[in-house]
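Accompanying notes for the structure given below.
In what follows, chains are A, B, ... by sequence order, proteins preceding strands, each numbered from 1.
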2 protein chains.
Amino acid sequence: MFLVRKTKQRDAIQQVFEEAERPLSPDEVRAEADKLFPGIGIATIYRNLKSLVETGHLKVVEIPGAAALYEVSGLAHHHHFQCDDCEKVYDIPGCPGNLDHMTPPGFQVSSHSITLFGTCPDCKE
Amino acid sequence: MFLVRKTKQRDAIQQVFEEAERPLSPDEVRAEADKLFPGIGIATIYRNLKSLVETGHLKVVEIPGAAALYEVSGLAHHHHFQCDDCEKVYDIPGCPGNLDHMTPPGFQVSSHSITLFGTCPDCKE
DNA sequence: ATGGGTGCAAATTGTTTGCATTTTA
DNA sequence: TAAAATGCAAACAATTTGCACCCAT
């Protein structure tokens with residue numbers, strides 16, 4: 001990918017993320033983008049997700065035991081919650097902060113990932 | 001799987017875990033088990049891993065962005081470290097403890113997962 | 001008109017499953 | 001010797017890639 005050109009499909013995908021309120025899977029992105037650009041192919045979704053991550057527009061959200069999700073970058077440092085029931089993933093603010101006391105001697109930490117699991121408000125009845 | 005019978009292959013797989021000092025991938029298990037029982041098939045590895053998890057002998061270790069690993073169960077609550085370089089995963093003791101302050105109102109937390117990323121001692125030169 | 005982008009289908013990777021055969025109890 | 005376990009290969013699901021064609025610049 002040398003130069004990144006503007007296309008209807010790419011615009012549609014970016015717009016999907018601007019309107020999303022939680023991290024989305026490639027299939028969810030496809031379903032939403034298809035409303036804006038009917039017939040968009042799944043390979044196009046994957047290719048654009050990858051290039052949007054490379055250009056810094058999106059970030060990959062990795063949840064343990066699940067396929068990758070994507071969200072707009074530029075949000076403050078935060079973590080995620082996955083509902084045990086509906087499996088949707090939500091952004092949650094906050095961070096326990098310094099995890100140095102968990103770092104064993106000889107190891108050097110560059111980043112961390114925290115995911116909470118449980119029941120989301122929608123599924124809590 | 002009704003009754004679980006003892007087989008040479010299953011014994012080999014269990015022995016691999018008794019000697020492992022970190023979580024292993026199915027392929028690593030196969031490589032080690034193959035030394036104890038040459039020719040063991042990958043399907044047998046997967047089937048036994050699944051049943052050993054069901055019987056409580058093993059636990060699945062899910063690292064964000066990586067395929068599932070397995071380790072013996074019965075260890076104290078702990079978390080994991082993945083090396084950015086060699087990608088090996090290590091157990092690390094400790095836990096920041098109460099993460100309630102990260103739980104947004106309306107959500108109910110049942111468990112959490114913490115993974116530290118960085119450089120392991122082996123790769124630190 | 002040229003080089004990047006798209007859609008489709010084939011290829012990959014990690015994991016599971018169907019089935020004929022072997023092994024355990 | 002009946003039921004469970006194995007090995008192999010085919011089936012799957014998620015993601016990537018090759019290629020002919022299309023569309024921005």
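Side-chain atoms of B:Glu71 never come within 3.5 Å of backbone atoms of B:Lys59 as a donor-acceptor pair (strictly under, hydrogens ignored). Checking side-chain atoms of B:Thr44 against main-chain N and O of B:Ile40 turns up no donor-acceptor pair under 3.5 Å. Side chain of B:Thr115 to main chain of B:Phe81: no donor-acceptor pair is present (N/O by atom type, distance under 3.5 Å, no hydrogens or angles).
Taking atom NZ of residue A:Lys50 and atom P of nucleotide C:dG5, one finds them 14 Å apart after rounding to whole Å. Per the geometry, CG belonging to B:Leu52 stands 17 Å off P belonging to D:dA4, to the nearest Å. Rounded to an integer number of Å, the gap from B:Arg5 CZ to C:dT24 C1' is 5 Å. As rounded to whole Å, 12 Å separates atom P of C:dT15 from atom CZ of B:Arg30. The NZ atom of B:Lys6 sits 15 Å away from the C1' atom of D:dA4 (whole-angstrom rounding).
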Under 4.0 Å protein heavy-atom contacts per nucleotide of nucleotides 6-13 of chain D, with B for base, S for backbone only and - for none | BBB-----

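Distances shorter than 4.0 Å separate none of the side-chain N or O atoms of B:Tyr46 from OP1 or OP2 on C:dT16.
When the side chains of ILVMFWY residues are joined at heavy-atom separations under 4.5 Å, either directly or via intervening members, A:Leu69 and A:Leu116 end up in two distinct hydrophobic clusters.
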Would you check, one step at a time, whether the test ring pair (Phe, Tyr, Trp, His ring centres under 6.0 Å) holds for A:His79 with B:His112?
-> CA-CA 11 Å; A:His79 293 290; B:His112 66 267; over 10 Å; no

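A salt bridge does not link B:Glu28 to B:Lys88: none of the charged side-chain nitrogens sits closer than 4.0 Å to a carboxylate oxygen.
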